[in-house]
Amino acid sequence: MLDKSTAPKKHLGQNFLKDAILISKIIEIANITKDDKVIEIGPGKGALTFHLAEKALKVLAIEIDHNLYEYLNEQAGESYPSLTIIEEDVLKFPFETIESKFKVVANVPYYISTPIIFKLMEARNKITDMTIMLQKELANRIVASPNCKDFGILSIAVQFYATPTIELEIPRDAFFPVPKVDSAVLKIVPRKNPAVRVGNENLFWAVIKSAFSHRRKTLLNSLAMAGFKKDMLEGILINAGIELNIRPENLSMEEWGKLVDELTDHLEYQKMRKSHDW
Ligand code: SAM
């Protein structure tokens, strides 16, 4: 016999929202109007989905679990013409092929929260705003400012392209089954332009990844371990007005920008000199 069970599956991060008051607060935060197209990630049993479908022009709900996909379709019946449910892994979904702009609403499965955030940031030009429920600890890392222990690559990855704010805290007992941690609702609004201008964005991300891969070390030592020459780096930090013993989590976005621009100039100068020498 086919398994049609909709009992929560731990490996798919299934913790279903059951608190009606919190559900209506999340819907309020999403601020959906009749002109909006909405993509919902992981609709589950539809705690948010049917409210969204009542408010939006269109809702596309992406659910990986076949049984929940069937259950949701049965529940929706003919009552929600604005709603389309697809059975798919959100990490494989081609957001870039959607033609018009859309909003994202998601109570995301915790086991893939970070890859989902990265995927959405890549699709940011198509997204008006995102209302996303995450583990509180992860939400804190995303909104963290420099000089704070939570500040890291995830904070920079989101804040470079968008403005994230924590809108609501959700206690763990608002879910069934009750997870081990509390959650928070984040609103992420993509910026028109990145938070700082950098000449070479690829180098910017390469430097940031190298810097944060040795968290306890100074910026200078982390970048030296990634293969940059230490004396060259010292000159670059001095030119950018950055202290030599600073740690990666203490740099502001502007300082990252300056550092990478100095490094870009230096590398270009080196390249030019090499070709002249030849
Ligand atoms: N939105 C519902 C709610 O608030 O009650 C369910 C949220 S539950 C935390 C996460 C949902 O994401 C589950 O329905 C799960 O099956 C689904 N899911 C897990 N991995 C997924 C993936 N890779 N792609 C799409 N949906 C996924």
Side-chain angles (χ1 to χ4, degrees), residues 3-30 32 38-56 59-76 80 82-98 102-123 127 130-139 142 167-188:
D3 171 23
K4 288 207 151 200
S5 166
T6 57
K9 298 184 181 73
K10 206 173 171 188
H11 73 280
L12 289 178
Q14 292 179 355
N15 299 93
F16 301 116
L17 267 170
K18 59 171 193 183
D19 186 314
I21 294 176
L22 287 172
I23 289 172
S24 59
K25 281 192 183 165
I26 296 164
I27 296 292
E28 233 172 78
I29 291 166
I32 305 298
V38 179
I39 294 189
E40 190 195 2
I41 301 169
K45 291 186 174 177
L48 302 169
T49 319
F50 300 123
H51 296 284
L52 296 171
E54 277 166 9
K55 291 184 174 283
V59 176
L60 179 67
I62 306 170
E63 174 56 61
I64 199 170
D65 183 334
H66 177 72
N67 292 356
L68 286 179
Y69 163 78
E70 289 210 322
Y71 171 89
L72 264 182
N73 269 307
E74 271 168 33
Q75 295 291 309
Y80 299 94
S82 61
L83 176 62
T84 307
I85 305 157
I86 57 169
E87 183 184 344
E88 189 159 342
D89 178 350
V90 68
L91 295 180
K92 298 194 178 132
F93 183 77
F95 285 101
E96 65 287 353
T97 60
I98 305 269
F102 55 90
K103 292 188 172 185
V104 172
V105 178
N107 172 11
V108 296
Y110 293 155
Y111 76 107
I112 46 167
S113 301
T114 306
I116 289 177
I117 293 288
F118 278 109
K119 190 165 169 77
L120 291 174
M121 293 317 296
E122 269 172 31
I127 301 177
M130 320 173 201
T131 302
I132 300 188
M133 205 179 320
L134 295 164
Q135 276 173 276
K136 205 169 134 195
E137 175 264 332
L138 196 61
I142 290 174
E167 300 285 327
L168 184 66
E169 302 209 342
I170 311 265
R172 61 195 80 182
D173 60 10
F175 299 93
F176 174 78
V178 179
K180 288 202 180 82
V181 291
D182 295 326
S183 291
V185 178
L186 264 189
K187 187 99 179 174
I188 302 181

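Keep in mind that the numbers below use all heavy atoms, side chains included, and drop hydrogens, waters and symmetry copies. Note that ligands are numbered from 1 as they come in the structure, with each ligand's atoms numbered from 1 the same way.
- Residue-level proximity to ligand 1 for Ile112 is carried by the side chain, the only part with a heavy atom below 4.0 angstrom.
- In this structure, Phe175 and Asn107 have side chains that are in contact, with non-hydrogen atoms separated by less than 4.5 Å.
- No side-chain heavy atom of Ile127 sits less than 4.5 Å from a side-chain heavy atom of Lys103.
- On a distance-only criterion, Asn107 and ligand 1 share at least one N/O pair closer than 3.5 Å.
- A donor-acceptor pair is defined here as one N or O able to donate and one able to accept, closer than 3.5 Å; such a pair exists between the side chain of Glu63 and the backbone of Asp65.
- Evaluated by nearest non-hydrogen atom to atom 2 (C) of ligand 1, the leading choice among Pro43, Ala47, Pro115 is Pro43.
- Separation of the Tyr71 and Tyr69 ring centroids does not fall under the 6.0 Å cut-off.
- Relative to the ring axis of Phe176, Lys18 does not place its NZ or CZ within 45° and under 6.0 Å from the centre.
- Not one N or O on the side chain of Lys119 forms a donor-acceptor pair closer than 3.5 Å with the backbone of Thr114.
- With hydrogens and angles disregarded, a donor-acceptor distance shorter than 3.5 Å links the side chain of Gln14 to the backbone of Lys9.
- The nearest protein atom to atom 5 (O) of ligand 1, hydrogens excluded, is given as Leu17 N, 2.8 Å; this is a heavy-atom distance.
- Taking a cut-off of under 4.0 Å to the non-hydrogen atoms of Gln14, the atoms of ligand 1 that pass are 13 (C), 15 (C), 16 (O).
- Here is the list of ligand 1 atoms found below 4.0 Å of a heavy atom in Glu88: 24 (N), 25 (C).
- The protein heavy-atom contact nearest to atom 23 (N) of ligand 1 is Asp89 OD1, 2.9 Å.
- Taking all heavy atoms of Gly13, Ala106, Gly42 into account, the minimum distance to atom 8 (S) of ligand 1 is reached by Gly13.
- The protein atom (non-hydrogen) at minimum distance from atom 21 (C) of ligand 1 is Ile64 CG2, 3.4 Å.
- Rounding to the nearest 0.5 Å gives a distance of 12.0 Å between CD1 of Ile62 and CD1 of Ile85.
- Every N/O-N/O distance between Leu68 and ligand 1 stays at or above 3.5 Å.
- When only non-hydrogen protein atoms are considered, atom 24 (N) of ligand 1 lies nearest to Val90 N, 2.9 Å.
- The closest approach between Leu12 and ligand 1 falls below 4.0 Å for a heavy atom of the residue.
- Among the atoms of Asn15, none of the N or O lies under 3.5 angstrom from an N or O of ligand 1.
- Side-chain contact annotation: Thr49 with Tyr80, donor-acceptor N/O pair under 3.5 Å absent.
- In this structure a side-chain-to-backbone donor-acceptor pair under 3.5 Å is missing from Lys25 to Leu168.
- Counting the atoms of ligand 1 from 1 in the order shown, those under 4.0 Å from a heavy atom of Phe16 are 5 (O), 6 (C).
- Residue Glu40 touches ligand 1 through its side chain alone, judged by heavy-atom distances below 4.0 Å.
- Every heavy atom of Lys18 sits 4.0 Å or more from the atoms of ligand 1.
- Contact annotation: for Tyr111 versus ligand 1, heavy atoms closer than 4.0 Å belong to the side chain alone.
- The shortest N or O to N or O distance between Glu63 and ligand 1 is below 3.5 Å.
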